[in-house]
Amino acid sequence: MQVNENFEPVIVAFCCNWCSYAGADLSGTNRLNYPTNVKIIRVPCSCRVNPMFILRAFQKGADGVIICGCHPGDCHYTSGNYFTRRRITLLYSMLDFLGIERNRTRLEWVSAAEGAKFAATMEQFTADVKALGPNRRLEDLRCRKQ
Amino acid sequence: MNKNLKEQVLRSGGVNVLKCMRCGKCSGTCPSYGEMEYHPHQFVYMVEKGDIETLMKSESIYKCLTCFACVDRCPRGVEPAKVVEAVRLAAVRQQGNNHLEPSEIPALLDEDLPQQAIVTAMRKYAK
Amino acid sequence: METFTYYPGCTLRTKAKDLDTYARVSAEALGIKLEEPADWQCCGGAYTTAKDEIATKLSAVRVLNSAKEAETPLITVCSACHNVIKQTEYDISRDEEMASKVNNYLGLSEPYTGGTKVYHYLEMLRDVVGFDKLKEKVVNPFTGRKIAAYYGCLLLRPAKALAMDDPENPTIIEDFIRAIGGTPVIYAQRNECCGGYITMEDKAQAQKRSGAVMGSAKDMGAEMVITACPLCLYNLKKNSGSDLPVYYFTELLAEALGLKEASNE
Amino acid sequence: MQRIGVFVCHCGTNIAATVDVKAVAEALGHEPGVVISQDYQYMCSESGQELVKSAIREQKLTGVVICSCSPRMHENTFRKAAASAGLNPYLVEIANIREQCSWIHKDIATATDKAIILGKAAVAKVHLNTPLSSMESPVVKRALVIGGGIAGIQTALDIAEAGFDVDIVEKQPTIGGKMAQIDKTFPTLDCAACILTPKMVEASQNEHITIHSFSEVADVKGFVGNFTVKIKKKARYVDETKCTGCGLCTEKCPMKKVPNEFNMGLDNRSAVYIPFAQAVPKVATIDPNYCMMLRSGKCGVCSKVCSAGAIDYKQQDTFIEQKYGAIVVATGFNPINLDKYDEFAYNQCPDVVTSLELERLMNAAGPNGGTLLRPSDKSHPHTIVFVQCVGSRCDDEKGKPYCSKICCMYTAKHAMLIREKYPDTEVYVFYIDVRTPGKNFDEFYRRAVEQYNVHYIKGMVGKVTPKSDGKIDVQASDLLANEQLHIDADMVVLAAAIEPDKTARPLATMLTTQMDTNDFFTEAHPKLRPVESATAGIFLSGACQGPKDIPETVAQGSAAAAKAIGLLCKNSITCNPCVAHSDELMCNGCSSCEKVCPYGAITYIDKEFRMPDRTTKVRRVASVNPAVCQGCGACTVACPSGAMDLSGFSNSQIMAEVDAICK
């Protein structure tokens with residue numbers, strides 16, 4: 001597979017307020033570099049992420065979407081991340097059914113203490129999405145900004 | 001310190017010697033302690049330091065019974081017996097360094113000795 | 001009748017015929033069919049834990065594979081074989097690198113990556129026959145006899161791979177002793193190495209270790225010691241300097257089941 | 001028409017060094033609705049805030065975007081500033097261009113681009129922000145303390161001191177916990193009972209304190225300031241109000257062979273029992289597992305001898321329900337089970353004991369009346385070996401990964417007490433490290449070595465072999481002498497690791513508080529909020545949060561009380577306004593949202609709706625209790641009809657951010 005070196009993917013990261021957003025802050029505090037492609041949207045809990053948001057991001061031209069939540073058992077709201085896990089599993093089935101690469105969507109558990117993991121995860125995910133190339137199948141060309 | 005040797009021993013032993021907290025329980029439980037010049041905890045520490053040639057030259061490597069008492073009782077999961085074995089292998093794999101030659105065996109036999117003892121010895125002391 | 005692939009190992013064919021013979025007659029009486037594969041080889045006696053030792057593990061993988069092909073569990077009675085085979089099974093089912101190297105050597109029709117259930121004869125008595133069932137079949141109970149179980153190192157450790165019993169407080173042989181009507185003697189050295197491994201290298205050490213084991217058993221009032229390992233038996237008898245008799249557990253089993261005389265005819 | 005102000009902070013050079021702040025302000029100034037876009041050196045400073053405030057007033061702003069550090073840092077600061085200038089605080093959005101931009105990137109051009117996109121997303125979101133107002137929720141002026149050990153007692157006494165009612169729930173028949181079992185305390189060697197029992201009495205006599213002994217928390221509902229707790233009072237077959245604690249029943253009870261848990265099973269008690277002489281409440285309890293009357297209906301001796309008529313064989317478990325404003329968890333610890341470590345022969349030899357068992361063996365109220373005798377043959381031990389770190393500091397498969405913290409000190413105490421009382425007894429302590437970071441702690445340990453001649457040996461015991469003559473062979477390594485020792489001991493004492501009580505995990509689930517992998521409760525912040533859990537209104541006291549000695553436990557107990565008092569002092573508390581709400585016209589009453597709500601905040605009501613044809617129709621629709629909702633948003637995704645939405649993080653707001661980022 002050919003990787004376009006100049007391709008800079010657009011990556012949307014949904015981070016829960018209690019663990020992963022704090023983990024992202026921590027990687028900043030520790031000055032751990034990760035690609036600028038990643039832009040974070042803060043949500044109270046990973047279970048706030050409606051699969052619709054993910055599809056919307058792809059429609060609008062995102063090349064990758066990553067959802068980060070607290071580790072299983074550590075959810076601030078007790079069970080939110082379990083819902084997320086099930087919903088994303090279902091979303092994968094739907095993406096498979098539609099023929100969309102499931103590797104463009106990822107779910108990761110990052111705690112507030114895992115700044116290094118957050119940075120490493122974003123680094124890896126950006127590299128993976130880069131290898132996949134631009135998202136063409138789901139992008140709605142009418143949405144593309146000229 | 002021989003870095004290659006250390007790397008070889010760590011790779012072949014598959015042990016993370018850095019997990020050791022220096023409690024000495026391996027040496028406290030070792031049934032061969034009295035026969036060894038270097039004791040299980042020293043094997044772990046000396047491999048960590050990279051001082052492996054000293055261990056390879058010592059008779060201690062042939063005194064370990066591989067009974068795994070240190071492996072099962074180590075609080076940190078260090079597995080010292082595997083370190084000893086890795087060092088021993090590093091020694092017997094050197095050219096002409098077999099600790100036991102087949103020609104020596106007949107002299108060591110007695111009528112009841114199970115051949116299990118012979119195959120075990122060959123496996124442990126020779127390449 | 002449950003069928004097992006039976007791996008006797010080298011020593012059971014020669015110096016430890018008792019261990020083998022009594023195991024076979026007893027199994028038959030207990031409704032267990034032991035089928036020996038045609039082309040087994042010696043397991044090597046000691047498991048090499050080194051990650052870069054592949055050739056020494058092949059014969060164990062071969063026998064594991066023949067049990068897999070026969071679609072039966074694998075059973076061993078010699079502690080050393082058991083230890084080697086269980087450790088091999090443990091590692092090959094977890095260590096992909098080892099599995100791929102082993103299979104490159106062996107070139108089996110289908111690669112072996114673990115899956116054979118490995119039993120020690122004692123585990124078969126416990127988990128398949130059941131000690132309660134065994135007790136019912138005993139005709140010559142060892143009533144009042146104080147019997148010390150000697151596990152040694154091979155039956156129990158490394159506990160992760162062997163997974164037979166609690167390595168520090170095992171009960172399987174004691175339960176066996178109770179099933180054949182005897183009284184088990186608990187002594188702390190029962191799970192310490194007898195030094196048999198080193199008997200060719202350092203007789204003095206083997207004497208010291210076996211002496212400690214037998215001394216501890218006698219000290220706690222044992223009349224006899226039983227074991228599953230030919231090397232332990234040899235070492236405890238020959239090197240310990242103790243007058244306590246040492247037997248294979250299968251010999252007591254056959255005697256309890258009333259099969260000992262018959263099998264010696 | 002929106003009038004939005006954008007304020008870009010330099011944060012000294014923290015942001016400005018990697019992000020061209022002027023370019024960011026310039027770019028965001030062209031966004032729709034933005035009427036003012038400024039940058040400033042320190043936006044969070046007094047003058048920076050003034051800049052925001054005056055802009056709100058002069059420009060009549062309807063929304064504010066601050067491009068600065070993480071909202072976790074200063075969101076509140078800017079919300080307050082906005083509120084003081086007359087703008088609803090929830091019309092402020094933060095774009096995190098420090099932690100999530102300037103600090104992680106090095107290239108100015110790309111970092112500036114990213115900062116602009118983050119700013120645009122915040123502007124897009126603030127367009128859709130709505131003014132939110134916090135609800136006030138009343139605070140029930142009563143606290144619950146779960147666990148009646150020294151931690152719980154201290155917390156309860158301090159809360160009561162402030163004049164608030166407080167209930168202690170203790171699962172054992174008496175309060176006192178582990179400290180009641182301890183003989184002497186380090187480093188002062190004062191008698192534990194002498195300092196604990198007065199506190200127990202004080203707790204029982206305090207008019208503000210109610211003790212529910214032999215009780216358990218069965219259910220917890222509600223939220224900070226307004227918890228509803230169901231307490232199960234287990235049947236003790238004795239009427240607490242009638243029993244005088246005379247103890248006649250325990251004397252006459254014919255069933256005397258019950259292992260006495262207070263003495264760690266080292267002696268026996270009767271089936272009807274009072275755990276120890278100073279028990280609070282001093283009330284008998286019948287053990288249904290051993291009582292012959294309860295098991296077979298034959299006996300009834302205790303009932304006959306009780307002049308108060310307190311025995312009630314028909315007693316049942318009862319439940320009480322009570323409302324609390326604050327809950328303090330003080331569930332404490334237990335030594336671990338030692339089955340996995342039988343190389344030390346704990347299961348094989350009665351003379352191998354745990355440290356807590358040794359406390360009882362040495363205690364005047366213990367099985368031997370305070371004379372240290374071997375459990376096996378009641379003989380006086382002449383050689384005692386202590387083994388440290390049994391099950392502590394292990395890798396995860398072997399035991400507990402943490403240091404149990406108290407063992408070094410109590411072992412020094414035991415060693416010293418034994419040498420003091422029985423100078424003919426040799427004491428060996430095998431240690432890996434001696435950890436004594438505490439006031440007068442190292443001095444104490446040195447005294448054991450120098451003054452009492454306790455043999456401290458660096459090394460670990462590897463094998464303990466009981467022998468037929470009653471001696472115990474202890475095989476160990478002496479690392480400094482580089483030799484393997486064999487000690488002919490009479491007793492071996494194991495410093496077993498401590499672990500949180502088994503009741504802690506189900507309790508954490510009920511309380512929706514977090515625990516670490518070792519089942520210790522997690523504090524809200526490891527340094528700055530050590531006695532609060534992350535769940536508002538739940539506080540932590542004592543060893544349930546991590547291993548602690550008595551002084552630390554008491555300090556934390558008082559700290560937890562102070563936090564609880566701080567909450568109980570308030571008449572009401574402000575709730576988070578970012579909660580879910582349902583559009584009744586879209587709701588089809590399917591119950592999907594109710595099923596996923598972890599707080600039970602959603603109920604269904606039958607509501608009358610006017611239909612287009614002027615008829616009315618009663619429909620079942622979801623209704624969110626904003627005081628109970630914590631704002632996780634699980635329901636918003638579960639809702640199939642899109643009726644459920646979350647204030648502050650609405651579907652349209654998040655989509656607007658997505659759009660802004662993807663453009």
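Just so we're on the same page: letters track the sequence lines, and every chain starts at 1.
- Checked for salt-bridge contact, Asp128(A) and Lys130(A) miss the test: no charged N lies under 4.0 Å from a carboxylate O.
- Heavy-atom distances place both the backbone and the side chain of Ala638(D) under 4.5 Å from chain A.
- Between the Arg48(A) side chain and the Gly631(D) main chain, no donor and acceptor come within less than 3.5 Å of each other.
- With a 4.5 angstrom heavy-atom cutoff, Met515(D) touches chain A only via backbone atoms.
- Proximity to chain A is absent for every atom of Ser533(D), based on heavy atoms less than 4.5 angstrom apart.
- Panel note: side chain Glu93(D), backbone Ala122(D); no donor-acceptor pair is recorded below 3.5 Å.
- Neither the backbone nor the side chain of Cys16(A) comes within less than 4.5 Å of any heavy atom in chain D.
- When each of Ala508(D), Cys662(D), Gly633(D) is scored by its heavy-atom pairs under 4.5 Å with chain A, the top score falls to Cys662(D).
- Side chain of Ser20(A) to backbone of Cys15(A): no donor-acceptor contact under 3.5 angstrom is found.
- Using a 4.5 Å cut-off between heavy atoms, Asp113(D) makes no contact with chain A at all.
- If you measure heavy-atom distances from Phe14(A) to chain D, the contacts under 4.5 Å come from the side chain alone.
- Heavy atoms of Arg87(A) lying under 4.5 Å from chain D belong exclusively to its side chain.
- Remark: the Arg98(D) side chain and the Asn14(D) side chain contain no N/O donor-acceptor pair separated by less than 3.5 Å.
- Side-chain atoms of Asp25(A) and Asn96(D) form a donor-acceptor pair, as typed in the model, at a separation below 3.5 Å.
- Looking at Ala22(A), both its backbone and its side chain come within 4.5 Å of chain D, counting heavy atoms on both sides.
- In this structure, the side chain of Ser650(D) does not engage the main chain of Ser647(D) through any donor-acceptor pair within 3.5 Å.
- Using a 4.5 Å cut-off between heavy atoms, Ala634(D) touches chain A through backbone and side chain atoms alike.
- The greatest number of non-hydrogen atom pairs below 4.5 Å with chain A, out of Arg72(D), Glu657(D), Lys125(D), is found for Arg72(D).
- If you tally non-hydrogen atom pairs under 4.5 Å between each of Thr509(D), Thr110(D), Asp659(D) and chain A, the highest count goes to Asp659(D).
- At distances below 3.5 Å, not a single donor-acceptor pair connects side-chain atoms of Asn518(D) with backbone N or O atoms of Phe520(D).
- Ranking Thr29(A), Thr36(A), Asn37(A), Val10(A) against chain D, the residue ahead of the rest is Thr36(A), based on heavy-atom pairs under 4.5 Å.
- Applying the side-chain hydrogen bond (donor to acceptor under 3.5 Å, both in side chains) test to residues at least two apart or on different chains, the pairs with a partner in residues 108-123 of chain A are His71(A)-Glu114(A).
- Within the 4.5 angstrom heavy-atom criterion, atoms from both the backbone and the side chain of Ile661(D) approach chain A.
- Chain D forms the most heavy-atom pairs under 4.5 Å with one residue out of Tyr82(A), Phe83(A), Tyr77(A), and that residue is Tyr77(A).
- In terms of heavy-atom pairs under 4.5 angstrom with chain D, the leader among Asn30(A), Thr84(A), Ile40(A) is Ile40(A).
- Among Val43(A), Val49(A), Ile41(A), Val38(A), the residue with the largest count of heavy-atom pairs under 4.5 Å with chain D is Ile41(A).
- Neither side chain, Gln630(D) nor Asn576(D), offers a donor N or O lying under 3.5 Å from an acceptor on the other.
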